[in-house]
Amino acid sequence: MTLTVGQVVEKASNEIGQLVRQPVACVVSCVCLDQGWRVVIETLERKAVPDTSDILAAYLVNLDTQGNLVNFQRLRVRRRGQAVEEDVAQAAGH
């Protein structure tokens, strides 16, 4: 069965949300590789007021070709108002 990007993003988001017990804030990237999928997802680690002070964590999630979670890694933590760093884009395979 061939997975669509939407299906992969949904699977990765559900998996990481359950594993780290944090709500998913956004999907940063989704890349198809020969051995599976690499997805970078940000979760809301701590809600703040104003929301530009929310604490977000970026996770690199690797899935196999069937969409099964292989592994994940927390890449960084940042305030919502801070710019996204280049190392996350590189980790995503860009």
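Just the heavy atoms: all of them, side chains too, but no hydrogens, waters or symmetry mates, feed the values below.
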For Asn71, check side chain to side chain donor-acceptor pair (under 3.5 Å) against everything at least two apart and list the hits.
-> Asn62
Shared hydrophobic cluster for Leu56 and Phe72 (ILVMFWY, side-chain gaps under 4.5 Å) | no
dist Glu10:CD -> Cys30:SG (nearest 0.5 Å) comes out at 12.0 Å
Between Val77 and Leu44, is there a shared hydrophobic cluster once you connect ILVMFWY residues whose side-chain heavy atoms come closer than 4.5 Å?
-> no
Looking only at heavy atoms, the pair that brings Val61 and Ala12 closest together is CG1-CB, 4.1 Å
Quick one: list whatever passes side chain to side chain donor-acceptor pair (under 3.5 Å) with Thr43, sequence neighbours left out.
-> Glu45
Taken to the nearest 0.5 Å, the spacing of Ile41 CD1 from Arg74 CZ works out to 14.5 Å
Go through the steps to decide whether Ile16 and Val39 satisfy the test side chain to side chain contact (heavy atoms under 4.5 Å, CB included), and finish with yes or no.
-> CA-CA 10 Å; Ile16 201 66; Val39 185; over 6 Å; no
Would you name the heavy atoms of Val40 and Ala58 that are closest together and state the gap between them?
-> CG1-CB, 4.4 Å
What residue pairs, at least two apart or across chains, pass salt bridge (charged side-chain N to carboxylate O under 4.0 Å, His left out) with a residue in residues 54-63?
-> Lys47-Asp54, Asp54-Arg80
For Cys32, all residues meeting side chain to side chain contact (heavy atoms under 4.5 Å, CB included), sequence neighbours excluded | Trp37
Atom CG of Leu3 and atom CG of Leu63: how far apart are they, to the nearest 0.5 Å?
-> 9.0 Å
Indicate, with yes or no, if Val70 and Val8 share a hydrophobic cluster defined by side-chain heavy-atom contacts under 4.5 Å among Ile, Leu, Val, Met, Phe, Trp and Tyr.
-> no
Taking side chain to side chain donor-acceptor pair (under 3.5 Å) as the test, write out the residues that go with Asn14, two or more places apart.
-> none
All side chain to side chain contact (heavy atoms under 4.5 Å, CB included) counterparts of Arg46, not counting sequence neighbours | Ile55, Arg79
